[in-house]
> 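One structure follows; several queries about it will come next.
Within every chain, numbering begins at 1; the chains are lettered A, B, ... in the order of the sequence lines, protein sequences first and strands thereafter.
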Amino acid sequence: MYHVLETRIRAALTKHIRERYSQDVTFVTERPPRIEMGEVATPVCFELAKRLKRAPRQIAHEIAVDLPAIDGVARVEVAGAGYVNFFFSRAAFLAAAVAGAAAAPPVARPDAPKCIVEHTNINPNKAAHIGHLRNAALGDTLVRLLRRAGQRVEIQNYIDNTGVQVADVVIGFIHIAKKSPEEVRALAAQPKFDYFCWDLYASVTHFYEEDKTRLALRGETLKSIEEDRGAPAEMAAAVAPAVVRCHLRTMERLGIEYDLLPRESEILHLKFWDAAFEHLKQTNAIHLATSGKNAGCWVMRLNDAADAADASGEDDDAKIIVRSNGTVTYVGKDIAYQLWKFGLLGRDFQYEKFHTYANGHTLWSTVSSGGSASAPAFGRASIVYNVIDARQAYLQNVVVAGLRALGFNEQADRSIHFSYEIVALTPRCAAELGYTLSDEEARKPYVEVSGRKGLGVKADDLLDRLEAAARAEVDQRHPASPDNERTAIAHTIAIGALRYFLLKFTRTAIIAFDFKDALSFEGETGPYCQYAVVRARNIFRKLREQQPDFDCASLEKVNQEAAERSLAAPDGNTLWEMVLHAGSLGTQIEAAVGAQEPAFIAKYAFQLAQSFNLFYHHHRVLTEEDEAKKIFFLQLSRLVELQLVSALELLGIESPEKM
RNA sequence: GCGCCCGUAGCUCAGCUGGAUAGAGCGUCUGGCUACGAACCAGAAGGCCGGGAGUUCGAAUCUCUCCGGGCGCACCA
């Protein structure tokens, strides 16, 4: 609602300034620092003052007087040295906000342009850890935001089932655990197989450290996995899908689902790279280096080619795409894959069903042959978001440069690296996990999570601890509730705490993980927000006990006179701030999508919850004797409840009925 | 060496398309429960917004520079 009025004001002001002063100015509108100063303000007169060589306050005064009436705006005032402040019609705003909250959110048309969001992307050789959780929570929230903004979204979780990480754990099975393919298959059927692999993977690191010559095993193993032959390939085929299923279960606990698992093995078998290689050669996007350190490699220039072209083999800024032995690098494959996402490769996967979620939603996987005829049309997106941590920025830039070199500038512009900083451990947390820090590590502010070293907080362990902690709280508060109900509430709270914790930081902040903060249910946390919803819902539950025929739909019509009276300044300012905030979710979503920053929504939810808690503390709704006022309070409670539930939903956080 | 990110209260972080008196949570201290449940609320203490210069009517926000920290720049993925 807020952005509707803001837009209206900007349009009216632009028109007025053009007609009255013959000036075309671009200006900002902002929230004044205090509510008594109105809801929208603009410093545009400072700019006009310069151009017209007149005092800003004088111009502001003229505008305040002469500006034609704007629907929804009660009055316009001059403030400070020349600000123009707009005051909303409070009751009208409330009425619009209540109507807006009750309306269903927009749904994307089936023919709308499609976005692909790729996230999670965990190597299928070990259990998921907190770093992966940040990726998945951000990716999933981005999906929810885009969908709310009316976009059609396809969710992909890329599976590198043929890479060195899988090869390493296969080496662990053969040379450390001494298992046969049959034994590995049996183990893979066990529920905590990802945990088994976690430990095994860490011991493979020691295995290499003990004897560096053992690294030779990696090349052979990798080759047989890629070519799909022998015991290593058989084991990889058992390990990778089993670990993927573990990851899917973990993510399902968090309410995260996917549409497609594109797999590295199909990219290899269907020779995606060969198709991309032809494109790249034909367009001269890459060339064969004949001399210098890169002799024999196909390389791509990253800088503007002008000065590099004259060089006699000195391609310092070139990125190797094909090695001198003829094999393609990771970036090369990634260029091919990115082309496929946009439908530019000229090749496609086949697909088969991989999993069906509890809600009936199907997750598909790529296959190289014998795919299902009923598979949806994957890929061919108009925008691609790759949720990948900030350390891979350079490689993501190379991929985009590859698209550009091929002449796909539009697609390059629509290739978005949704970048975020890593989750690290505080030294205290690492110690708590039984890890002994080196002197160098002890001096640092945090320690990087490392699957290779087996250092990290496993996602399921953290979830278990959160659920146990939440369960203890629920047991204390609701000892009479049935066991399964308490478990369900504890789960909802645990997920709320975890997702909020991962999303409240902006993407550029490194999260220094600490159990104390992550396990907190107080202050700026998910449960705090959930609790505000529960409080609002308790009011309505109690009310229904008194009036069984009460229906929330009856609150959708606002009595504007009564509302205006209650919201009138100065007494109503605090209430009005809550209403204003509740009616600003649309603005927040716009900002969050524009900046690609889910943390904005987390902040919004917390502030709205805070504002409601304050209201709740100051006003007894059900015992209010003035009937009109009571209805007004109920309307406020309902409005906040709906908006808060809606905001939390964007964060993937459910709002329980009680807690 | 080049590139990117970060430096704001004791701690963890918001605020950065320039704007009015710099915010929140945690922690510390002091208060508030007969329940629309305190997973809450109120109050107090705590800041040369890393340093310096510049642009501007106006800078935490933009530019430059220096300092401090992190990451990236492989014929690894």
> Looking at residues at least two apart in the chain, or sitting in another chain, which of them share a side chain to side chain donor-acceptor pair (under 3.5 Å) with A/Glu577?
none

> Take nucleotides 11-24 of chain B nucleotide by nucleotide from the 5' end and write B, S or -, depending on whether a protein heavy atom sits under 4.0 Å from the base, only from the sugar-phosphate, or from neither.
-SSSS---BBB--S

> Quick one: side-chain contact (heavy atoms from CB on, under 4.5 Å) partners of A/Phe27, sequence neighbours excluded?
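Residues passing side-chain contact (heavy atoms from CB on, under 4.5 Å) with A/Phe27: A/Arg10, A/Leu13, A/Thr14, A/Val25, A/Thr29, A/Thr42, A/Val44.
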
> I'd like a table of atom pairs between the protein and nucleotides 44-47 of chain B - only N or O on both sides, under 3.5 Å - with the distance next to each one.
none

> Taking only residues two or more places apart in sequence, or in another chain, which ones meet A/Val322 in a side-chain contact (heavy atoms from CB on, under 4.5 Å)?
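Only A/Trp273, A/Phe277, A/Trp298 meet the side-chain contact (heavy atoms from CB on, under 4.5 Å) criterion with A/Val322.
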
> Could you list all the side-chain hydrogen bond (donor to acceptor under 3.5 Å, both in side chains) pairs where at least one residue sits in residues 590-604 of chain A, not counting sequence neighbours?
A/Glu524-A/Lys603

> In the structure shown, which nucleotide is the Watson-Crick or G-U wobble counterpart of B/C16, with both distances under 3.5 Å?
none

> Using purine N1 to pyrimidine N3 plus N6-O4 or O6-N4 for Watson-Crick, or N1-O2 and O6-N3 for G-U wobble, both under 3.5 Å, which nucleotide pairs with B/C4?
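Here B/C4 is engaged in a pair, and the nucleotide opposite it is B/G70.
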
> Restricting to pairs with a member in residues 488-506 of chain A, which pass salt bridge (Lys or Arg N to Asp or Glu O under 4.0 Å), not counting sequence neighbours?
A/Asp140-A/Arg499

> Charged N to carboxylate O under 4.0 angstrom, A/Glu545 versus A/Arg541?
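The answer is no: the pair does not qualify as a salt bridge.
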
> Can you see if the side chain of A/Arg477 gets near the phosphate of B/A39 - specifically, an N or O under 4.0 Å from OP1 or OP2?
yes

> If the condition is side-chain contact (heavy atoms from CB on, under 4.5 Å), which residues does A/Leu222 pass it with, not counting sequence neighbours?
A/Val164, A/Ala167, A/Glu226

> Could you list the residues that satisfy side-chain contact (heavy atoms from CB on, under 4.5 Å) with A/Asp24, not counting sequence neighbours?
A/Arg18

